[in-house]
Amino acid sequence: RLRMADAQRRLAARAEKAVQELQAVVEILKSEDLPTLLVESSSRLSHWLLEDERDEEAFQALQTAEAACQKHFGEEDPKAIDVKRHMASLHIKLGRKKEALEYLKDVHYFERRLHGSQSVQVARTLKALGTVYAADGQLTEAEQSYQQALRIFETDRVPNAHFIHEIHAMLTSMHEVPA
C-alpha cells in the first residue's frame, strides 16, 4: 500500500487518493508493532499534507510520528531528532514561535550530543534558532546563534558559502537602522 500511495502521489491527478491511501496505512500501523514504519509513514503523510497546504492535518500526522518516537525510541535517536526538527519547522509555518524555539532548543541539544558541538547539523540548527529568535524580536539571542553557526560553517571542511552568505546578510539586516 505504501508503494501504491507513492506511485499515486507522483501522478498529479491522483494526489488526493495517495493521501487517503497513506492515511489508511498510518491508521493500520498505529495498531501494529512497526514503529519505524509508522514514523516514516506519518512523516511522509505530513510532508504531503504540507505540500497541499493542509497544515493542521500535517501537524496531526507529525504528532503521530512524534508519539511513536517517544514510545519506541530514545530522545537521542536520529529518527526522534528528525521528527523534532520537522515539528519545529511546522510550528514556524503555523506562526507558533515559542513552540518552534522549544523544539529547536531540544534539537540543538540532541544534535550536539549525537554529532558534536562543531558539526554542520548543529550549525544549521543554530541558524534556524537565530531566524526564529530574530522573528520573535530576541535580537541578542539571534545574533549569538548566528555567530555560533557562522564560526562552525567557516571552519568546516565542506564549502558552506551559501550558509555563510545568508548569515552575514541576516546579521547585517539586524544592525541596520530603519529609516
Item to check | Verdict with reasoning, Thr131 to Tyr146, per side-chain hydrogen bond (donor to acceptor under 3.5 Å, both in side chains) | outcome: CA-CA 8 Å; Thr131 301; Tyr146 286 144; 3.3 Å; yes
Checklist entry - Between Glu166 and His162, is a side-chain hydrogen bond (donor to acceptor under 3.5 Å, both in side chains) present by the stated rule, with each step listed? => result CA-CA 6 Å; Glu166 285 179 8; His162 62 288; over 6 Å; no
Next on the checklist: Determine whether His72 and Thr36 satisfy the following criterion, side-chain contact (heavy atoms from CB on, under 4.5 Å), listing intermediate values before the conclusion.
Outcome noted: CA-CA 9 Å; His72 298 284; Thr36 300; over 6 Å; no
Next on the checklist: Could you walk me through whether Val122 and His108 satisfy the side-chain contact (heavy atoms from CB on, under 4.5 Å) test, starting with their C-alpha distance in whole Å, then the side-chain angles of each, then the deciding distance to 0.1 Å, before giving a yes or no?
Outcome noted: CA-CA 6 Å; Val122 169; His108 178 237; 3.7 Å; yes
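When each of Val39, Leu37, Leu45, Leu38 is paired with Ser41, the side-chain contact (heavy atoms from CB on, under 4.5 Å) condition holds for Leu37 and for no other. Screening Glu66, Arg96, Arg85, His91 for a side-chain hydrogen bond (donor to acceptor under 3.5 Å, both in side chains) with Tyr103, the sole residue that qualifies is Glu66.
Note on Leu129: it does not cluster hydrophobically with Ile164, by side-chain heavy-atom contacts below 4.5 Å among ILVMFWY residues. Under the 4.5 Å side-chain contact rule for hydrophobic residues, Tyr109 and Met87 do not share a cluster. Leu126 and Ile167 fall into different hydrophobic clusters, where Ile, Leu, Val, Met, Phe, Trp and Tyr are joined by side-chain heavy atoms under 4.5 Å apart, directly or via other members. Hydrophobic clustering keeps Trp48 apart from Val83 (ILVMFWY residues linked when any side-chain heavy atoms are closer than 4.5 Å, directly or through intermediates). Hydrophobic clustering (side-chain heavy atoms under 4.5 Å, transitive across Ile, Leu, Val, Met, Phe, Trp, Tyr) keeps Tyr133 apart from Met174.
Without hydrogens or angle criteria, Thr155 side chain to Ile152 main chain gives a donor-acceptor distance under 3.5 Å. Using a distance-only test at 3.5 Å, with no hydrogens or angles considered, a donor-acceptor pair links the side chain of Ser31 to the main chain of Ile28. Under the 3.5 Å distance criterion, the side-chain polar atoms of Asp77 are matched with a main-chain donor or acceptor of Lys79. Side chain of Ser46 to main chain of Ser42: no donor-acceptor pair is present (N/O by atom type, distance under 3.5 Å, no hydrogens or angles).
Environment of NE2 in His165: sparse, with no more than 12 heavy atoms of neighbouring residues, nucleotides or ligands closer than 6.0 Å.
When all heavy atoms of Ala134 and Ala142 are compared, the closest pair comes out as N-CB, 3.6 Å. Scanning all heavy atoms of the two residues, the minimum distance from Ile81 to Glu75 falls at CG1-O, 3.7 Å. Of all non-hydrogen atoms in Gln138 and Leu101, the two that sit nearest each other are NE2-CD1, 3.8 Å. Here the closest non-hydrogen pair linking Ala100 and Ala88 is CB-O, 3.7 Å.
Rounding to the nearest 0.5 Å places CD of Gln60 at 10.5 Å from CG of Leu90. Annotation: the span from Leu139 atom CG to Gln144 atom CD amounts to 11.5 Å, rounded to 0.5 Å. Here the straight-line distance linking atom CD of Glu27 with atom CG of Leu22 works out to 10.5 Å at 0.5 Å rounding. Of the inter-residue distances, the one linking Gln23 atom CD with Thr64 atom OG1 reads 10.5 Å to the nearest 0.5 angstrom. For the atom pair CG (Asp82) and CD (Glu40), the distance works out to 10.0 Å, reported to the nearest 0.5 Å. One finds the CG atom of Leu150 at 4.5 Å from the NE2 atom of His168 (value rounded to the nearest 0.5 Å).
By the 4.5 Å heavy-atom criterion applied to side chains, Leu171 and Gln147 are counted as neighbours. Residues Arg112 and Thr125 have side chains not in contact (no heavy-atom distance under 4.5 Å, counting atoms from C-beta outward). When side chains are defined from C-beta on, Val26 counts as touching Lys30, because their heavy atoms get closer than 4.5 Å. Side-chain atoms of Lys127 and Met170, non-hydrogen and from C-beta on, do get closer than 4.5 Å to each other. Counting only heavy atoms from C-beta outward, the side chains of Glu76 and Leu114 never approach each other to under 4.5 Å.
With salt bridges taken as basic N to acidic carboxylate O contacts below 4.0 Å, one links Arg54 and Glu57.
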